[in-house]
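Before any comments, here is the structure.
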Protein chains: 2
Amino acid sequence: MGLTKTEIFTSEQNQLATLLKAIAHPARIAILQQIISTNACICGDLVDELGLAQATISQHLKELKNVGIIQGTIEGVKVCYCIAPSTWAMLELLLGNFLGSYKNPKSCC
Amino acid sequence: MGLTKTEIFTSEQNQLATLLKAIAHPARIAILQQIISTNACICGDLVDELGLAQATISQHLKELKNVGIIQGTIEGVKVCYCIAPSTWAMLELLLGNFLGSYKNPKSCC
DNA sequence: TTTCTGTATCGTAATATTACGATAAATATA
DNA sequence: TATATTTATCGTAATATTACGATACAGAAA
């Protein structure tokens with residue numbers, strides 16, 4: 001137990017859940033907001049911006065990278081991260097389908 | 001450790017993360033889709049529809065209820081669940097702000 | 001009242017997540 | 001070459017999540 005039973009769900013449900021889980025943490029939301037706002041990519045400035053240890057930030061970046069939401073390129077000693085457009089678009093698509101399926105109707109209860 | 005440092009993030013970041021975390025599981029996505037599609041509310045039919053034990057479904061419903069995404073009313077022996085419109089709207093708003101802030105530009109790396 | 005039905009809760013095992021210090025690895029600079 | 005800078009990884013402690021059997025609880029039906 002303690003293990004999500006992915007095999008009983010559709011790949012779309014699993015995919016959306018995986019992407020959402022990657023975003024469902026305030027630190028990772030903050031990281032993404034930083035990457036977006038400094039539209040040029042950001043590096044380890046994140047450690048200064050947020051109040052988390054360098055190892056923790058690196059771990060969060062790894063999670064975002066693993067699901068493909070961000071991508072990084074090495075620039076000398078530093079690493080430059082940015083949003084991966086295709087995954088971002090996929091997230092918007094899946095979420096749009098999901099959220100849009102609820103047509104705010106007669107709330108029945 | 002092992003405890004998210006919510007105090008260093010904005011309430012908006014924390015709120016969005018909390019809502020997303022509630023949704024970021026395939027079983028809870030499936031539950032919400034069932035509730036939405038049978039626009040009349042659904043009860044413990046969820047146990048038949050999904051392949052999870054009754055205790056597990058009840059636990060997932062509790063999580064969705066705790067963050068206010070669904071609401072339930074007792075109907076005799078059964079319980080009728082439906083989407084809570086205001087929380088759903090809040091989620092759409094916060095997510096729209098967040099996802100919309102990325103303007104798919106010159107992916108810099 | 002007794003019994004059945006639907007749901008919630010308790011307890012628990014397996015696993016995952018979060019955070020961080022310490023350290024390694026890689027590149028730049030002196 | 002030696003040293004500093006930046007990032008990744010390892011190890012680990014604290015906590016959270018997922019799933020389920022067992023059981024409790026409440027209302028309906030017999």
>> Between B:Thr18 and B:Asn14 (side chain of the first, backbone of the second, donor and acceptor by atom type, cut-off under 3.5 Å), is there such a pair?
In response: yes
Quiz item: Do any N or O atoms from the side chain of A:Arg28 and from the backbone of A:Leu64 form a donor-acceptor pair under 3.5 angstrom?
Solution: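 Not a single qualifying donor-acceptor pair exists.
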Provide, to the nearest angstrom, the distance between the [atom1] atom belonging to [X] and the [atom2] atom belonging to [N].
| X | N | atom1 | atom2 | result |
| --- | --- | --- | --- | --- |
| B:Ile42 | C:dT7 | CD1 | C1' | 15 Å |
| B:Glu75 | D:dA28 | CD | C1' | 14 Å |
| B:Leu46 | D:dA19 | CG | C1' | 16 Å |
| B:Asn66 | D:dT18 | CG | C1' | 16 Å |
| A:Asp48 | D:dT5 | CG | P | 13 Å |
| B:Asn14 | C:dT18 | CG | C1' | 14 Å |
| A:Leu20 | C:dT17 | CG | C1' | 17 Å |
| B:Ile57 | D:dC20 | CD1 | P | 9 Å |

Closest to the [X] side chain: [options]?
| X | options | value |
| --- | --- | --- |
| B:Lys78 | C:dC20, C:dG6, D:dG21 | C:dG6 |
| A:His25 | C:dT18, D:dT6, D:dA19 | C:dT18 |
| A:Leu52 | C:dA22, C:dA19, C:dT7 | C:dA19 |
| B:Val77 | D:dG27, D:dT18, C:dT18 | D:dG27 |
| A:Leu3 | C:dT15, C:dA19, D:dC20 | C:dT15 |
| A:Gln54 | D:dT18, C:dT7, C:dA22 | C:dA22 |
| B:Gln59 | D:dT9, C:dA8, D:dC20 | D:dC20 |

Interatomic distance, CD1@A:Ile35 vs CG@A:Leu61, rounded to 0.5 Å, equals 6.0 Å
Taken to the nearest 0.5 Å, the spacing of A:Ile23 CD1 from A:Ile69 CD1 works out to 4.0 Å
inquiry  = What's A:Val79 touching, base or sugar-phosphate or nothing? Going by heavy atoms closer than 4.0 Å.
reply    =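 A:Val79: backbone/sugar contact only, no base atoms under 4.0 Å.
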| request: Decide yes or no for B:Tyr81 and B:Lys65: does some side-chain heavy atom of the first lie under 4.5 Å from some side-chain heavy atom of the second? | output: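 Sidechains of B:Lys65 and B:Tyr81: in contact.
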Walking DNA chain D from its 5' end, the first of A:Lys5 and A:Val47 to be reached, judged by nearest nucleotide, is A:Val47
Does a side-chain N or O from [X] land closer than 4.0 Å to OP1 or OP2 of [N], or not?
| X | N | result |
| --- | --- | --- |
| B:Lys65 | C:dA8 | yes |
| A:Tyr81 | D:dA8 | yes |
| A:Lys21 | C:dA16 | no |
| A:His60 | C:dT17 | no |
| B:Thr56 | D:dC20 | yes |

Task: Given DNA chain C, 5'-ward residue of the pair A:Ala55 and B:Ser58, judged by closest heavy atom - done: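 The answer here is B:Ser58.
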Original post:
Going by the angle between their ring planes, with limits at 30° and 60°, are A:His60 and A:His25 parallel, tilted or perpendicular?
Top reply: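 Ring orientation of A:His60 relative to A:His25: tilted.
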